[in-house]
S.K.: 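Quick one: the structure is below, and I'll ask about it shortly.
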Amino acid sequence: MSELSKAYAPADVEASWYARWVDSGCFTADPSSTAPSYSIVIPPPNVTGILTLGHVLNNTLQDILARRARQTGHEVLWLPGTDHAGIATQTVVERQLRKEEKKTRHDLGREAFLKKVWEWKEKHGGIIIGQLKKLGASCDWSRERFTMDEAYARKVQEVFVDLHGKGLIYRGKRMVNWCPVSLTALSDEEVIPKKQKGYLYHFKLEVVEAPGTWLEIATTRPETIMGDTAVAVNPKDQRYAHLIGKHVRRPLPLDVEVQLPIIGDEAVDFEFGTGVLKVTPAHDKTDYEIGLRHNLPVIDIMNADGTLNDLAGEGFAGLDRFEARVEAVERLKELGLLTREEPHENNVGFSERADVPIEPRLSEQWFLKYPKTVEARDAVRNGLIRFFPKRWEKVYDHWLENIQDWCISRQLWWGHRIPVWYAPESSGEGPRIQIESPGEGWIQDPDVLDTWFSSWLWAHDTMDEAVRAKFYPTSVLVTGPDIIFFWVARMIMAGLEYTGEIPFRDVYFTGIIRDKQGRKMSKSLGNSPDPLDLIAKYGADGLRFGIIRVAPQGQDIKFDEKQIEEGRNFANKLWNAARFREMQGPCNPSPDPAGLPLPDIAIHLLHRFDTMHAALCGAYADYRFHEVAGLLYDFFWGDYCDWFVEAAKPILNGSDEQAKNAILTVMDATLSGTLRLLHPLMPHVTEELWKRLGFQAPASASGSGERAGLLLYTVPPAEKLLNLPETEITAASTRTTALYTAIHAARNLRAEFKIPSQQQVRFLLAPKEEIHDSRRAIFAGLTRASGLEILDKMPPAGTPSVVTDLGTIYMPLEGLVDLDAERKRIAAEITKVEAELVKVEAKLADTSFVEKVPANVLEDHRQRREKWSEKLETLKTTLQGLG
RNA sequence: GCGCGAUUAGCUCAGCGGUAGAGCGCUUGCUUCACACGCAAGAAGUCACAGGUUCGAACCCUGUAUCGCGCACCA
């Protein structure tokens with residue numbers, strides 16, 4: 001074995017291990033396995049996508065779960081894939097087409113354009129998959145899926161036909177959210193409300209039947225006046241009720257003279273604006289509904305791209321809607337009708353993808369009345385599906401309670417084409433809902449389906465019969481709360497409808513990663529670091545560990561590169577601890593500390609490991625990943641490196657071979673144990689060290705032998721490194737804690753007296769009880785002292801001292817005794833101890849405390865009082881000794 | 001308007017009834033024979049505010065404030 005280098009260099013290690021895992025087929029799920037199954041379907045990233053920190057978090061969590069499940073003896077399927085992402089992908093390819101060939105998709109025609117998109121997909125679609133591999137994702141790549149795979153696409157169309165047959169899908173002319181840039185309808189979920197600063201324009205109109213009476217109207221959209229077909233007031237509004245039935249003259253367009261009826265409708269809020277509403281049925285959802293109630297004509301004055309059409313009249317036709325707004329205000333001014341422009345903030349719906357205000361538009365679309373809404377709601381309400389964190393259950397429930405039909409058709413080309421065929425003109429037949437063409441002359445619906453209409457089948461239609469039999473329902477879904485409606489809720493409904501089962505047992509919602517200012521990471525802000533750069537700089541393991549460690553359950557994460565640096569540092573710490581072990585000679589491949597004469601520090605360490613392991617199992621059960629990371633970090637860095645290894649050095653440098661051997665075995669057991677438990681989080685470095693140090697799975701473990709390596713090592717659920725009677729463990733732990741605390745106190749004493757680290761000192765101990773030589777050696781080693789000698793006569797008055805659980809420790813400083821300084825120091829210490837003592841005593845003096853408190857807490861307080869008063873006594877004696 | 005979250009050390013955040021924690025940053029000392037991506041020591045907090053419950057509250061309850069998110073409204 002080559003010697004380990006001084007600093008861990010992740011790049012080569014990570015690449016070579018990943019290749020070995022894939023080659024050995026370790027990630028490939030076996031549907032015929034008899035082991036219990038564990039499965040996850042990846043939230044398919046967009047084919048256009050590149051890896052973001054959000055993906056890193058999300059997929060690291062899934063990888064941890066997958067690898068942990070392998071370790072706990074499961075047959076694991078982590079099914080990967082990508083999403084065709086209709087609008088996003090089409091937009092990217094169209095942009096490229098415009099840039100490189102100065103053409104639009106219409107110049108190419110549907111077929112040629114789609115060919116381009118497929119070419120683009122073949123070329124770029126694998127990027128994000130490659131990036132996931134760099135991260136170490138243990139997906140079953142042999143089962144990679146794409147939402148436009150032939151088989152999958154067929155399922156999507158079958159579902160459409162089926163739901164249509166059940167009467168749940170229908171076509172209708174409705175008010176939809178129209179994106180004037182993408183030129184397609186959108187679902188309600190794709191509309192993002194944004195606060196906008198604008199104006200509320202007030203203008204007045206004279207009542208035709210009552211000259212001299214004016215109605216003042218407030219609107220944020222004067223550019224739609226040309227589409228107005230009524231003016232509405234609330235019939236209960238005393239100010240205006242008497243005018244209902246009369247008319248006003250519509251001011252625009254100038255060359256068309258139209259009288260609008262004044263109608264009464266309950267939907268008008270008389271608190272808002274002037275209490276008079278202009279009604280534009282073609283360009284506002286509420287107005288459209290009012291129009292239906294009052295049988296109003298509908299005048300559509302806009303083109304699909306948000307420009308105004310000829311019905312808007314002279315001077316407006318051809319203008320963009322926002323230019324038209326300015327123009328309309330000008331005209332009203334000229335007419336002397338504009339009375340006021342009042343600054344006004346309102347919410348405007350923006351298209352999620354194109355980031356422009358959507359336009360309410362009347363159009364013919366396909367809609368879905370969701371299936372299994374009640375069952376889907378109950379599945380979560382009744383705990384059949386569990387959400388982590390639980391609070392999202394309420395959000396989910398609320399959405400399902402108020403669910404609206406889903407507009408599923410999109411006026412795009414890239415996607416699953418709607419399986420509806422229209423008859424040749426002459427035939428007079430109605431449309432047919434089927435996948436294959438009914439024959440010559442039939443024309444397929446030009447629209448495609450909303451991307452989510454394919455994603456909602458992801459949990460089951462990515463699997464074939466055999467795989468589904470073994471791995472469906474899946475174990476857990478790991479995703480962001482931002483797609484709880486888009487995806488999670490819909491998948492639950494689809495699962496219930498098409499498999500009769502829930503698609504997953506648990507849903508873990510990650511937090512959202514934000515920048516230092518708390519803003520969402522986004523391409524446009526340029527505030528999202530490239531994870532590949534971070535991997536290059538800190539290693540995939542460093543990135544994974546760093547991000548997991550700061551990602552508490554469901555809380556948003558403010559990203560700071562420092563966090564990743566910590567992850568890298570931890571990998572390096574691990575590396576160097578292994579390096580140190582390697583320098584002591586070969587490791588025991590299957591170390592077992594049982595039966596060895598273990599010193600206290602070893603018992604203490606092994607017990608700490610077992611305690612940590614138990615806590616870790618609990619943390620996994622509730623998906624508290626950051627706790628898993630924290631436990632391993634604290635145990636390894638603190639308990640193992642800082643204390644145990646340092647304390648063991650005197651023994652390792654000593655001559656007692658038996659003691660040395662015991663220490664090395666304990667190190668091997670702890671190191672290999674840590675590598676195993678850490679593997680799901682930092683797979684590459686742990687695998688590398690496992691191999692380099694020569695550890696092996698015991699023969700009893702499944703996936704045994706050298707072939708499998710760490711990836712397939714099965715950790716027994718209740719594995720313990722230490723099997724000793726409880727009393728023995730407690731005694732050894734107490735002694736070790738006392739020793740370590742004393743060491744800390746002595747180091748503090750050194751620092752206070754500014755003894756340089758390299759300078760040796762002597763410590764003298766007035767022991768409280770017998771103390772073994774080996775413990776004194778440890779003490780000396782960790783305090784850089786020549787020794788801890790047992791006091792035979794009192795040192796000179798004023799010798800710095802500290803009271804510890806081992807006894808009082810003196811640090812003789814020849815010729816440097818400063819009585820006054822020492823007096824002050826002790827006095828300060830007394831003040832502190834007294835304060836603690838007062839607190840404890842006050843509690844114990846309180847009868848209701850003593851009566852009501854649980855026994856263990858009471859005992860705890862009593863011991864504390866004991867300890868503090870003992871310490872106080874010693875300190876007082878010392879102070880007296882100083883004269 | 002309704003709902004949800006956050007408010008703890010300079011920063012980023014854990015903790016969520018029984019002696020206030022971590023990492024970073026800061027101060028001091030260390031090229032100590034695994035690691036300066038390190039070691040040791042230290043300073044630093046009325047746990048947003050006001051009430052309440054409790055023997056005991058950062059933690060539970062009620063309210064307030066500030067920030068953020070979602071839903072609804074949005075003329």
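Residue numbering restarts at 1 for every chain, and letters A, B, ... go by the order of the sequence lines. The figures that follow rest on heavy atoms only: side chains count, while hydrogens, waters and symmetry mates do not.
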S.K.: Under a 4.0 Å threshold between the charged nitrogen and the carboxylate oxygen, would E359(A) count as salt-bridged to R321(A)?
M.R.: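 Looking at R321(A) and E359(A), the cut-off is met.
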
S.K.: Inspect the contact between E646(A) and K649(A) and indicate whether a charged nitrogen and a carboxylate oxygen are less than 4.0 angstrom apart.
M.R.: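 Yes, this pair counts.
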
S.K.: Hey, does the Lys NZ or Arg CZ of K573(A) hover above the aromatic six-ring of Y633(A), less than 6.0 Å from the centre and inside 45° of the axis?
M.R.: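 Here K573(A) fails the 6.0 Å and 45° test against Y633(A).
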
S.K.: Checking contacts here: which listed nucleotide (rC55(B), rC71(B), rC35(B)) is nearest the side-chain heavy atoms of F849(A)?
M.R.: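 That would be rC55(B).
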
S.K.: Could K537(A) and E565(A) be called an ion pair, given the rule that one side-chain N must be under 4.0 Å from one carboxylate O?
M.R.: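 Salt bridge absent between K537(A) and E565(A).
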
S.K.: Which whole number of Å gives the distance between the P atom of rA9(B) and that of rA44(B)?
M.R.: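 Nearest-Å result for rA9(B) against rA44(B) at atom P: 14 Å.
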
S.K.: So which nucleotide from rA41(B), rG38(B), rC55(B) ends up closest to the side chain of A751(A)?
M.R.: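 From the listed options, rA41(B) comes nearest.
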
S.K.: For RNA chain B, whose closest nucleotide is more 5', that of A577(A) or that of H861(A)?
M.R.: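 In this pair, the answer is H861(A).
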
S.K.: I need the CG-P distance between D622(A) and rC16(B), as an integer number of Å.
M.R.: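 After rounding, the gap between these two atoms is 12 Å.
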
S.K.: NA contact type, R784(A), heavy-atom cut-off 4.0 Å: base, sugar-phosphate, or nothing?
M.R.: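 Counting heavy atoms under 4.0 Å across all strands, the contact made by R784(A) includes a base.
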
S.K.: Quick one: F753(A) CZ to rA40(B) C1', roughly how many Å, whole number?
M.R.: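 In whole Å, rA40(B) C1' lies 17 Å from F753(A) CZ.
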
S.K.: Looking for any heavy atom pair under 4.0 Å, which part of the strands does K649(A) touch: base, sugar-phosphate only, or nothing?
M.R.: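 Base contact.
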
S.K.: Let's see if you can work this out: which of rA34(B), rU12(B), rC74(B) has an atom nearest to the side-chain heavy atoms of V645(A)?
M.R.: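 The answer is rA34(B), which lies nearest to the side chain.
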
S.K.: Between rU32(B), rG18(B), rC71(B), which nucleotide gets closest to the side-chain atoms of H398(A)?
M.R.: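 Among rU32(B), rG18(B), rC71(B), the one nearest the side chain of H398(A) is rC71(B).
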
S.K.: What I want to check is whether an N or O donor and acceptor connect the side chain of R579(A) with the base of rC35(B) at under 3.5 Å.
M.R.: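 Under the 3.5 Å cut-off, the side chain and the base do not form any donor-acceptor pair.
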
S.K.: Kindly say if H744(A) contacts the phosphate of rG42(B), meaning a side-chain N or O under 4.0 Å from OP1 or OP2.
M.R.: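 For H744(A), the contact criterion (side-chain N or O under 4.0 Å from OP1 or OP2 of rG42(B)) is met.
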
S.K.: Parallel, tilted or perpendicular: which one describes the rings of W575(A) and Y8(A), with boundaries at 30° and 60°?
M.R.: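 Ring orientation, 0 to 90° scale: tilted.
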
S.K.: Would you kindly give the CZ-to-P distance between R549(A) and rG15(B), to the nearest whole Å?
M.R.: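 Nearest whole value for this atom pair: 13 Å.
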
S.K.: Should rA20(B) form a Watson-Crick or G-U wobble pair with both distances under 3.5 Å, which nucleotide is its partner?
M.R.: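 rA20(B) is unpaired by these criteria.
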
S.K.: Decide yes or no, distance alone: a donor-acceptor N/O pair under 3.5 angstrom between the base of rC35(B) and the side-chain of K6(A).
M.R.: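 There is none.
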
S.K.: Output the single nucleotide from rA20(B), rC71(B), rC74(B) whose closest atom is nearest the side chain of K839(A).
M.R.: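 So the side chain of K839(A) is nearest to rA20(B).
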
S.K.: Take atom CG of D560(A) and atom C1' of rG25(B), then tell me their distance rounded to the nearest Å.
M.R.: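 My rounded result for the distance is 11 Å.
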
S.K.: Contact class for D642(A) vs. all strands (heavy atom < 4.0 Å): base, sugar-phosphate, or nothing?
M.R.: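 Sugar-phosphate: the residue D642(A), judged by heavy atoms under 4.0 Å, touches backbone atoms but no base.
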
S.K.: Taking the same atom, P, in rA20(B) and in rA48(B), what whole-Å distance lies between them?
M.R.: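 My reading of the P atoms in rA20(B) and rA48(B) gives 15 Å.
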
S.K.: Please report the distance separating the P of rA50(B) from the corresponding atom of rA65(B), rounded so that it comes out in whole Å.
M.R.: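 Per the computed distance, 15 Å lies between those P atoms.
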
S.K.: Which is true for D284(A) with a 4.0 Å heavy-atom rule: it touches a base, it touches only sugar-phosphate, or it touches nothing?
M.R.: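 Sugar-phosphate: the residue D284(A), judged by heavy atoms under 4.0 Å, touches backbone atoms but no base.
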
S.K.: Considering only atom P, compute the distance from rG25(B) to rU62(B) and round it to an integer number of Å.
M.R.: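 Taking atom P in both rG25(B) and rU62(B), they lie 41 Å apart.
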
S.K.: Using the P atoms only, state how far rA6(B) lies from rA14(B), rounded to an integer number of Å.
M.R.: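 Each nucleotide's P atom is 9 Å from the other's.
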
S.K.: Considering only rG15(B), rC69(B), rG23(B), which nucleotide approaches the side chain of Y633(A) most closely?
M.R.: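 The nucleotide sitting nearest to the side chain is rG23(B).
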
S.K.: Respond yes when some side-chain nitrogen or oxygen of N748(A) is under 4.0 Å from OP1 or OP2 of rA40(B), and no when none is.
M.R.: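 Checking N748(A) against rA40(B): no side-chain N or O falls below 4.0 Å of OP1 or OP2.
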
S.K.: Kindly point out which of rC24(B), rU19(B), rG5(B) is positioned nearest to the side chain of E566(A)?
M.R.: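 Selected nucleotide (nearest to the side chain): rC24(B).
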
S.K.: If you measure from the C1' atom in rA36(B) to the same atom in rG29(B), how many Å do you get, rounded?
M.R.: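 Straight-line distance between the two C1' atoms is 14 Å.
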
S.K.: Identify whether any heavy atom of V840(A) sits under 4.0 Å from a base atom; if not, whether one sits that close to sugar-phosphate; answer base, sugar-phosphate or nothing.
M.R.: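 The residue V840(A) makes no contact with any strand.
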
S.K.: Over how many whole Å does the gap from I192(A) atom CD1 to rG70(B) atom C1' extend?
M.R.: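 Spelled out: CD1 on I192(A) to C1' on rG70(B) is 11 Å.
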
S.K.: What about E646(A), does its side chain sit under 3.5 Å from the base of rA40(B) through a donor-acceptor pair?
M.R.: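 Side chain to base: no pair below 3.5 Å.
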
S.K.: What is the base-pairing partner of rA48(B), counting Watson-Crick and G-U wobble geometry with both distances under 3.5 Å?
M.R.: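 Pairing partner: rU64(B).
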
S.K.: For rC49(B) versus rA57(B), give the span between their P atoms, rounded off to a whole number of Å.
M.R.: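 That atom pair is separated by 15 Å.
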
S.K.: When you compare rC2(B) with rG63(B), how far apart are their P atoms, in angstrom units rounded to a whole number?
M.R.: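 Taking atom P in both rC2(B) and rG63(B), they lie 12 Å apart.
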
S.K.: Assuming nearest nucleotide by heavy-atom distance, tell me which of H344(A) and V853(A) is located more 5' along RNA chain B.
M.R.: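 Closer to the 5' end of RNA chain B: V853(A).
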
S.K.: Decide, yes or no, whether a salt bridge links D622(A) with R624(A) under the criterion of side-chain N to carboxylate O below 4.0 Å.
M.R.: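 A salt bridge is present here (some side-chain N lies under 4.0 Å from a carboxylate O).
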
S.K.: Could you please name the partner base of rC2(B), counting Watson-Crick and G-U wobble pairs only when both distances are under 3.5 Å?
M.R.: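 Partner of rC2(B): rG70(B).
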
S.K.: Check every strand shown and say whether P481(A) touches a base, only sugar-phosphate, or nothing at a heavy-atom separation below 4.0 Å.
M.R.: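 Nothing, no nucleic acid heavy atom in range.
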
S.K.: Between rC73(B), rC35(B), rC4(B), which nucleotide has the shortest distance from any of its atoms to the side chain of R391(A)?
M.R.: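 So the nucleotide nearest the side chain must be rC4(B).
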
S.K.: Pairing check on rC39(B): which nucleotide meets the Watson-Crick or G-U wobble criteria with it, both distances under 3.5 Å?
M.R.: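 With both distances under 3.5 Å, rC39(B) matches rG29(B).
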
S.K.: Whether T220(A) contacts rC74(B) is assessed here as follows: a side-chain N or O lying under 4.0 Å from the phosphate OP1 or OP2. Is that the case?
M.R.: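 No, because none of the side-chain N or O atoms of T220(A) sits under 4.0 Å from OP1 or OP2 of rC74(B).
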
S.K.: May I have the distance from I512(A) (atom CD1) to rC69(B) (atom C1'), rounded to whole angstrom?
M.R.: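 So the CD1-C1' distance, I512(A) to rC69(B), works out to 8 Å.
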
S.K.: Within the 4.0 Å heavy-atom criterion, would you say T280(A) contacts the bases, only the backbone, or no part of the nucleic acid?
M.R.: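 T280(A): no heavy atom of the nucleic acid under 4.0 Å.
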
S.K.: Return the orientation label for the H861(A) and F849(A) ring planes: parallel under 30°, perpendicular over 60°, tilted otherwise.
M.R.: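 Correct class here is perpendicular.
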
S.K.: Check the distance between rU32(B)'s C1' and L652(A)'s CG and give it to me in whole angstrom.
M.R.: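 Interatomic distance, CG of L652(A) to C1' of rU32(B): 16 Å.
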
S.K.: So what does E752(A) hit on the nucleic acid, given a heavy-atom distance under 4.0 Å: a base, only sugar-phosphate, or nothing?
M.R.: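 Nothing, no heavy atom under 4.0 Å.
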
S.K.: Ion pair present between R325(A) and E341(A), side-chain N to carboxylate O less than 4.0 angstrom?
M.R.: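 Salt bridge flag = no for E341(A) with R325(A).
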
S.K.: Answer yes when R250(A) and D228(A) have at least one side-chain N-carboxylate O distance shorter than 4.0 Å, and no when they do not.
M.R.: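 So R250(A) does not pair with D228(A) through a salt bridge.
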
S.K.: Between K562(A) and rU12(B), is there a side-chain N or O to OP1/OP2 distance below 4.0 Å?
M.R.: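 So the side-chain polar atoms of K562(A) never come under 4.0 Å of the phosphate oxygens OP1 or OP2 of rU12(B).
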
S.K.: As a test of reading the structure: which of rC39(B), rA34(B), rG23(B) is closest to the side chain of W637(A), going by heavy atoms?
M.R.: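 Shortest atom-to-atom distance from the side chain points to rC39(B).
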
S.K.: OP1 or OP2 of rG3(B) versus the side-chain N and O atoms of W392(A): is any pair under 4.0 Å?
M.R.: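 Checking W392(A) against rG3(B): no side-chain N or O falls below 4.0 Å of OP1 or OP2.
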
S.K.: For the atom pair CG (L400(A)) and CZ (F485(A)), what is the distance rounded to the nearest 0.5 Å?
M.R.: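 So the CG of L400(A) and the CZ of F485(A) are separated by 9.0 Å.
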
S.K.: Checking all strands, does K754(A) fall into the base, sugar-phosphate, or nothing category for heavy-atom contacts under 4.0 angstrom?
M.R.: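 It contacts nothing in the nucleic acid.
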
S.K.: Among the nucleotides rC74(B), rA40(B), rG18(B), which one has an atom lying closest to any side-chain atom of R747(A)?
M.R.: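 The closest nucleotide is rA40(B).
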
S.K.: When the distance from CG of L534(A) to C1' of rC37(B) is rounded to whole Å, what number comes out?
M.R.: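 Taking CG of L534(A) and C1' of rC37(B), I get 16 Å after rounding.
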
S.K.: When you check the phosphate oxygens OP1 and OP2 of rU19(B), does a side-chain N or O of K832(A) lie under 4.0 Å from one of them?
M.R.: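 No, no such contact exists.
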
